[in-house]
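Just below is one structure, and these are the notes that go with it.
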Amino acid sequence: MATVVDLFTYPVKGCAGTPLDSTHLTPAGLAHDRSFMVVSTDGVYRTQRRDPRLALVRPTISADGGRLTLASAERGSGDGGDGVRGGDGVRGGEDELHLDVTTSAPRRDVDLFGATFQGIDQGEEAAAWLSDFLGVPSRLVRVPPEHDRKTDGLTPGTSGYADSSAVHLLSRASLTHLHARMAERGAPPLAMDRFRPNIVIDSRPGERHGEDWAAAPHAEDRIRRMTIGAADLGYTKLAVRCAVTLVDQEAGARGGPEPLRTLAGYRRAAGGGVVFGAKFSVVRPGKLSVGDEVAVEEWGDAEA
């Protein structure tokens with residue numbers, strides 16, 4: 001058996017995650033996950049692969065999705081002086097911006113991995129704050145309510161501006177095993193946030209060894225259907241890892257060749273790419289909480 005030990009939503013694609021005790025799992029993933037995206041003035045998505053300082057932007061969003069705050073992890077947060085940046089619905093000092101989210105502004109084309117979607121531009125103040133912080137001209141867009149993206153994989157589904165499927169799940173056992181292999185190379189362990197999971201699972205305390213499937217590294221690779229809390233999820237594919245895993249999420253800068261150097265030695269998928277963790281679509285939405293049991297309904301063969 002396994003339980004949920006961490007939940008994270010990433011309101012703005014590429015920016016820092018928000019830890020949660022409980023949340024609603026929507027058809028597009030954890031509530032508000034990747035519902036915003038930073039883009040160039042041409043509408044092309046920004047990523048930590050090119051703009052690692054995105055990791056230092058700490059977004060928080062109200063439960064109803066109507067209020068978004070962007071805070072600088074680098075400089076700390078606070079109002080700074082009179083606390084006004086100007087413009088209706090935007091307040092905060094240079095280290096923090098509070099934004100009233102709009103869903104009624106005109107749509108614009110945005111590019112995500114070469115695919116064209118629609119985005120709702122969130123205005124000049126958000127653009128100015130992000131451009132200043134990242135050092136490159138940038139805009140902030142939101143997924144429109146009519147967004148109808150179809151994601152691929154074994155279980156088709158939908159998502160916001162995620163790379164692909166709605167949910168990324170990773171076990172602590174997989175990370176512990178990676179750390180052991182890295183230690184053989186003399187490399188120090190890395191934080192879980194290098195992999196930016198939505199759901200982290202671990203062994204259920206007190207389980208008998210024979211039933212403790214979550215203690216085995218990469219057991220998540222074999223899950224095909226599972227129930228967590230009030231929600232059902234279906235496997236789509238393994239999570240192919242990229243250079244984002246090289247970014248130190250606390251420093252907002254690349255931190256060396258790990259973990260890709262070590263993963264490349266033992267986690268290459270048959271179809272190509274270095275893989276770590278698994279992606280899932282939402283089959284039945286519902287509430288998720290830390291401490292929920294992970295009940296696997298169907299297993300399959302690992303693809304790596």
Side-chain angles (χ1 to χ4, degrees), residues 6-20 23-40 43-51 54-70 99 101 103 107-122 126 130 134 138-153 156-170 193-200 231 233 236-237 239-242 244-245 247 249 277-282 285 288:
D6 289 301
L7 292 169
F8 299 97
T9 189
Y10 303 84
V12 181
K13 181 179 179 63
C15 296
T18 302
L20 304 167
T23 188
H24 185 72
L25 186 66
T26 75
L30 276 66
H32 311 302
D33 188 65
R34 277 90 170 187
S35 55
F36 296 85
M37 182 167 66
V38 184
V39 299
S40 69
V44 178
Y45 75 104
R46 294 208 179 281
T47 168
Q48 288 187 27
R49 290 185 288 277
R50 295 186 299 269
D51 299 292
L54 283 167
L56 300 178
V57 178
R58 303 294 167 91
T60 54
I61 191 163
S62 61
D64 66 0
R67 189 76 166 167
L68 177 70
T69 297
L70 302 179
L99 177 69
V101 176
T103 58
R107 276 62 173 155
R108 63 168 295 173
D109 288 346
V110 294
D111 178 291
L112 180 59
F113 297 112
T116 300
F117 297 101
Q118 293 289 291
I120 305 171
D121 195 289
Q122 296 302 300
L130 286 163
L134 297 175
S138 302
R139 310 288 303 183
L140 180 68
V141 297
R142 185 197 186 277
V143 169
E146 67 272 16
H147 184 73
D148 63 350
R149 179 184 183 186
K150 301 295 188 294
T151 56
D152 61 359
T158 190
S159 68
Y161 292 134
D163 283 2
S164 56
S165 305
V167 176
H168 174 210
L169 183 142
L170 189 57
D193 64 9
R194 286 288 185 103
F195 302 98
R196 301 172 62 78
N198 294 114
I199 301 174
V200 180
L233 298 96
T236 62
K237 56 189 174 182
V240 177
R241 310 319 309 209
C242 67
V244 170
T245 60
V247 177
Q249 299 295 299
K279 299 286 188 76
F280 293 84
S281 288
V282 178
L288 297 182

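Residues passing the salt bridge (charged side-chain N to carboxylate O under 4.0 Å, His left out) test with Asp193: none are found, sequence neighbours excluded. In terms of the side chain to side chain donor-acceptor pair (under 3.5 Å) criterion, Thr9 has no residue partners (sequence neighbours excluded). With sequence neighbours excluded, no residue forms a side chain to side chain donor-acceptor pair (under 3.5 Å) with Arg108. Among residues two or more places apart in sequence or in another chain, the salt bridge (charged side-chain N to carboxylate O under 4.0 Å, His left out) test is passed with Arg34 by none. Residues satisfying the side chain to side chain donor-acceptor pair (under 3.5 Å) test with Asp163, not counting sequence neighbours, are Lys13. For Thr69, the side chain to side chain contact (heavy atoms under 4.5 Å, CB included) partners at least two apart in sequence or on another chain are Thr60, Glu96, His98. Take Ser281 and apply the side chain to side chain donor-acceptor pair (under 3.5 Å) test, not counting sequence neighbours, and it matches no residue. Residues forming a side chain to side chain contact (heavy atoms under 4.5 Å, CB included) with Pro156 (at least two apart in sequence, or on another chain): none. In this view, Pro19 and Phe8 satisfy the side chain to side chain contact (heavy atoms under 4.5 Å, CB included) rule, not counting sequence neighbours. Checked against side chain to side chain contact (heavy atoms under 4.5 Å, CB included), Ser159 has the following partners two or more places apart in sequence or in another chain: Arg149, Thr151, Ala162, Ala166. The ring-ring contact (aromatic ring centres under 6.0 Å, His included) test applied to Tyr45 returns Phe113, not counting sequence neighbours.
Between the side chain of His32 and the backbone N or O of Ala63, at least one donor-acceptor pair lies under 3.5 Å. Using a distance-only test at 3.5 Å, with no hydrogens or angles considered, no donor-acceptor pair links the side chain of Arg241 to the main chain of Gly277. Side chain of Asp33 to main chain of Tyr10: a donor-acceptor pair is present (N/O by atom type, distance under 3.5 Å, no hydrogens or angles). Judged purely by atom type and a 3.5 angstrom limit, Ser138 has no side-chain atom pairing as donor or acceptor with the backbone of Val38. Between the side chain of Gln48 and the backbone N or O of Gly14 there is at least one donor-acceptor pair closer than 3.5 Å.
Residues Met37 and Tyr161 come closest through the heavy atom pair CB-CD1, 3.5 Å. In plain terms, the two heavy atoms of Pro11 and Ala16 that are nearest each other are CD-O, 4.4 Å. Here the shortest heavy-atom pairing between Cys242 and Arg49 reads SG-NH1, 3.0 Å. For the residue pair Lys237 and Ser165, the shortest heavy atom distance occurs at CE-OG, 4.3 Å. Here the closest non-hydrogen pair linking Pro197 and Leu170 is CB-CB, 4.1 Å. When all heavy atoms are compared, the tightest approach of Leu56 to Gln249 is CD2-O, 4.2 Å.
Val101 is not listed as a side-chain neighbour of Ser62, based on a closest heavy-atom distance of 4.5 Å or more. Between Val282 and Thr26, every side-chain heavy-atom pair lies at or beyond the 4.5 Å cut-off.
For the atom pair CG (Asn198) and NZ (Lys279), the distance works out to 9.0 Å, reported to the nearest 0.5 Å. Here the CG atom belonging to Leu68 is positioned 6.5 Å from the CG atom belonging to Leu140, to the nearest 0.5 angstrom. Once rounded to the nearest 0.5 Å, the distance linking CG of Leu233 with CG of Leu288 reads 7.0 Å.
Residue Val12 forms a side chain to side chain contact (heavy atoms under 4.5 Å, CB included) with just one option from Val57, Leu70, Val141, and that option is Leu70.
Identified under the salt bridge (charged side-chain N to carboxylate O under 4.0 Å, His left out) test for residues 56-66, with sequence neighbours left out: Arg58-Glu250.
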Side chain to side chain contact (heavy atoms under 4.5 Å, CB included), that's the test. Do Arg107 and Ile120 meet it? Break it down for me. CA-CA 5 Å; Arg107 276 62 173 155; Ile120 305 171; 3.7 Å; yes
